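Every chain is numbered from 1, with letters handed out A, B, ... down the list of sequences. Fair warning: this is a prediction, and the values are worked out from it, not measured in the lab.
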Amino acid sequence: MTGKVRADVRAPSGFEMDVEALEVLQRVPDETPFPIQLKEAGVDFLMEHRHLWLRTPRQSAILRVRATIMRAAAQYFDDNGFVRTDPPILTPNACEGTSELFEMDYFDDDKAYLTQSGQLYVEATALALGKVYSFGPTFRAEKSKTRRHLTEFWMVEPEMAFAGLPELLELAENYLSFIVAEVLKKHLGDLKVIGRDVTKLEGIQAPFPRLSYEDAHAMLVDAHAKGLIETLHKDGDDFGSPDETYLSNQFDRPVMVHRYPAAFKAFYMQPDPEDPTKALCVDVLAPEGYGEIIGGSERVADYDLLKSRIEEHGLPLAAFQWYLDLRKYGSVQHCGFGMGIERVVAWICGLDHVRETIPFARTLNRIYP
RNA sequence: UCCUGAGUAGCUCAAUGGCAGAGCAUUCGGCUGUUAACCGAAGGGUUGUAGGUUCGAGUCCUACCUCAGGAGCCA
C-alpha cells in the first residue's frame, strides 16, 4: 500500500494513512486461510506452525529483544578487553560426563559429540590471551521437559586469567546490569507488546546480593519451618528447583549463591582455601522464579590436584591430557562462567517458557519445523 | 526415567452412560471509524489408536500413542 500519512485523533496510533494505491502481491486461497489467529491457541499447534507464528506481533517483539540481548552480550566483553575465541562444536569427549551428549559418527572409527560447553577450550584460550569469551550454540541430550530447558541453546562463556571468584562475581553483576539496561534503552515498545512489567527490570543494577551456600541453606531451613517450601533442604545437598525458586523470590534482583559443597560440583572447580569442602563457584539465580541463568567458578590451577579430581570422578585421563597440559605449562589462577541466553531472554521478557525466546526451539519432543 | 494432567470441527473449548454443540475461522448476505469489529445464514465430525463392559460409550475399564509441565539434571 502507498499513500499519505496524516494525523487523526480517532486513530489509536494518532495517525492514519489515506491509501492511494494498492497492489496484491499474493492472494492466499480462502479454503486455506492463514492458520494463526490472534486468539488463544495451544502450545502444540503454535509450535507446529512456528514458521508462521513468528509473524505475530508478540513473537516478533521477542526476537527483536533477543537480538539486542545477543548483541549486548558480546558487546560488553568486546568493550572490556575480552577476545572472542569460539570453541569447537564437535568435540571428542564430554565436559563433565557423557550421559547427556548428542553422539555422532566421526568418519571411520571415531565418535564425536556436540558440545555441551566450550569451557575447557576457553580455559586454553584464556591462558594464551588473558581475557576471552565464547558465544555459540550448545547441546544437551537431557530428557528435561520444563519451561527452562532446550536441547539446543546459546551460551556465552567468559574466562579470565589472573582473576578469582570475587572478580567473577563483579563481572557477572555488571554484565547482567549492562544487558538489561541495553534492552530498556531500546525496547520499551516491544516490552509493552510482550506485556512485560518493566518496573521489575529498572531495578536490575549492580551490586547484586551475595549469598553463601551456608546462608542459603539456613534460609531454606527457615522457610521450611514456616511451611513456605515442601521439602526440607539437607545441609550438604544441592538445591532443588523449588529451593532455587524460593531463594530467588526473596530478592528483587539476581542473587549470587556462592561456595557450594565441592562434593556435588564439577571436577574442575577450585576448592575454597578457607574450607576445602567448598568450591569457589557461583550460581546466579534470576528473579521471579526464572532459575539459574549463570553458573561459574574459579578453576583448579594445580596439575596434581586436577589430575586426582579427574580420577576421582572416574573420567578418562587420556581424553583430558591436553586439559592437564594447561596446568603443566604455565598455570595461573583463572575463572569464568557460562550464561544461557534463552533463560536470560525469558527472564527479561517475562515469558512462561524458553521455547519463545529462540526462532526455532529444539525441545525433547520437537525438532519440526 | 518417574509423577500429574490433557487428547471432541481448521483453532479454543462444551456435552448426568441416552439425538455431538458453541465461539472464532471459512463461504454467502448485511452493516461499519475499523484496528482480536458487529448482525443474519450456510457448510464443516471415524470424539488420538486398539480392545473391553453395557440395551446404549465422547463419557466407564485395559493397553498403547501423542502432547503438556513438574521432579531429577542442568544454562
Side-chain angles (χ1 to χ4, degrees), chain A residues 6 8-19 28-49 52-53 56-58 69 73 94-101 115-119 134-158 172 176 193 229-231 237-245 248 254 260 264-266 281-286 289-297 336-347 352-355 357-358 362-366 368:
Chain A
R6 60 176 166 78
D8 191 323
V9 291
R10 289 174 298 185
S13 65
F15 295 93
E16 292 285 8
M17 183 169 81
D18 293 321
V19 178
V28 176
D30 292 326
E31 313 82 62
T32 55
F34 190 71
I36 311 287
Q37 299 181 48
L38 290 177
K39 305 264 186 189
E40 284 183 22
V43 169
D44 194 36
F45 174 79
L46 290 173
M47 288 307 287
E48 195 73 12
H49 296 83
L52 301 176
W53 187 25
T56 59
R58 179 183 154 88
I69 288 172
C95 177
E96 300 168 33
T98 53
S99 59
E100 39 191 51
L101 293 170
T115 181
Q116 62 173 359
S117 166
Q119 183 204 310
S134 71
F135 197 175
T138 49
F139 308 85
R140 307 258 168 110
E142 289 164 355
K143 298 201 168 172
S144 298
K145 265 190 299 190
T146 82
R147 67 186 67 210
R148 302 182 304 280
H149 288 87
L150 299 172
T151 55
E152 176 182 325
F153 65 98
W154 284 65
M155 190 150 67
V156 55
E157 296 176 279
L176 285 170
V193 168
I229 43 178
E230 215 172 292
T231 49
D237 280 1
D238 202 357
F239 301 130
S241 289
D243 297 328
E244 286 187 354
T245 300
S248 69
Y260 285 70
F264 58 76
K265 282 295 185 180
C281 63
V282 60
D283 281 359
V284 181
L285 309 179
Y290 279 94
E292 185 183 348
I293 50 174
I294 283 178
S297 72
F337 64 70
M339 184 181 85
I341 290 292
E342 285 73 20
R343 285 190 184 173
V344 172
V345 176
W347 162 50
D352 290 338
H353 198 296
V354 288
R355 65 176 153 244
T357 65
I358 186 168
R362 297 287 90 124
T363 55
L364 180 57
N365 290 314
R366 180 174 298 284
Y368 174 93

pair [X]-[Y]: side-chain heavy atoms closer than 4.5 Å:
| X | Y | answer |
| --- | --- | --- |
| Phe153(A) | Thr357(A) | no |
| Gln119(A) | Thr138(A) | no |
| Met339(A) | Ile294(A) | yes |
| Asp243(A) | Asp238(A) | no |
| Phe337(A) | Val282(A) | no |
| Val43(A) | Arg355(A) | yes |

Given [N], is OP1 or OP2 found less than 4.0 Å from the side-chain N or O atoms of [X]?
| X | N | answer |
| --- | --- | --- |
| Thr146(A) | A71(B) | no |
| Arg147(A) | C74(B) | no |
| Arg355(A) | G69(B) | yes |
| Lys143(A) | U1(B) | yes |
| His149(A) | C73(B) | no |
| Asn365(A) | U66(B) | no |

Under 4.0 Å between any heavy atoms, over every strand shown, what does [X] touch: base, sugar-phosphate, or nothing? Just pick one.
| X | value |
| --- | --- |
| Ile294(A) | sugar-phosphate |
| Asp283(A) | nothing |
| Arg366(A) | nothing |
| Thr32(A) | nothing |

Compare every heavy atom of [Y] with every heavy atom of [X], then report the nearest pair and how far apart it is.
| X | Y | value |
| --- | --- | --- |
| Glu244(A) | Gly291(A) | OE1-CA, 4.4 Å |
| Phe135(A) | Val156(A) | CD2-CB, 3.9 Å |
| Ala73(A) | Ile341(A) | CB-CD1, 4.1 Å |
| Thr245(A) | Gly289(A) | CG2-CA, 4.0 Å |
| His49(A) | Pro35(A) | CD2-CG, 3.9 Å |

Could you tell me how far apart [X] ([atom1]) and [N] ([atom2]) are, to the nearest whole angstrom?
| X | N | atom1 | atom2 | value |
| --- | --- | --- | --- | --- |
| Glu244(A) | G72(B) | CD | P | 9 Å |
| Glu157(A) | A75(B) | CD | C1' | 9 Å |
| Glu142(A) | A75(B) | CD | C1' | 9 Å |
| Leu46(A) | G69(B) | CG | P | 12 Å |
| Glu230(A) | U4(B) | CD | P | 15 Å |
| Glu48(A) | A68(B) | CD | C1' | 15 Å |
| Lys145(A) | C3(B) | NZ | P | 12 Å |
| Asp243(A) | A71(B) | CG | C1' | 12 Å |

In whole angstrom, give me the gap between the [atom1] atoms of [N] and [M].
| N | M | atom1 | value |
| --- | --- | --- | --- |
| U46(B) | A9(B) | C1' | 13 Å |
| G45(B) | U53(B) | P | 30 Å |
| G52(B) | G17(B) | C1' | 15 Å |
| G43(B) | C28(B) | C1' | 10 Å |
| G70(B) | G58(B) | P | 34 Å |
| C73(B) | U66(B) | P | 26 Å |
| G18(B) | A57(B) | C1' | 10 Å |
| U47(B) | U8(B) | P | 11 Å |

**Asked** How far does OG1 of Thr115(A) sit from CE of Met155(A), to the nearest 0.5 angstrom?
**Response** 7.0 Å

**Item:** Ion pair Arg366(A)/Asp44(A), N-O distance below 4.0 Å
**Value:** yes

**Item:** Stem segments of RNA chain B by first residue number [Watson-Crick or G-U, under 3.5 Å, at least 3]
**Value:** B:1-7 with B:65-71, B:10-13 with B:21-24, B:26-30 with B:38-42, B:48-52 with B:60-64

**Fill in**
When Met339(A) and Leu38(A) are each assigned the nearest nucleotide of RNA chain B, the 5'-most assignment goes to Leu38(A)

**Message:** Both Gly240(A) and Gly291(A) contact RNA chain B. Taking the nearest nucleotide for each, which residue is further toward the 5' end?
**Reply:** Gly240(A)

**Message:** For the backbone of Arg343(A) and the side chain of Arg148(A), can you confirm whether one donor and one acceptor N or O come within less than 3.5 Å of each other?
**Reply:** no

**Message:** Would the base of C74(B) count as contacting Ser144(A) through its side chain, where contact means a donor and an acceptor less than 3.5 Å apart?
**Reply:** no

**Message:** What does the B/S/- profile of nucleotides 38-49 of chain B look like, 5' to 3', with a 4.0 Å heavy-atom cutoff to protein?
**Reply:** ------------

Any protein N or O atoms within reach of nucleotides 8-12 of chain B? Criterion: under 3.5 Å, listing atom names and distances.
residue: G10(B); atom: N2; partner: Gln37(A); partner atom: NE2; Å: 2.9
residue: U12(B); atom: OP1; partner: Gly42(A); partner atom: N; Å: 2.8

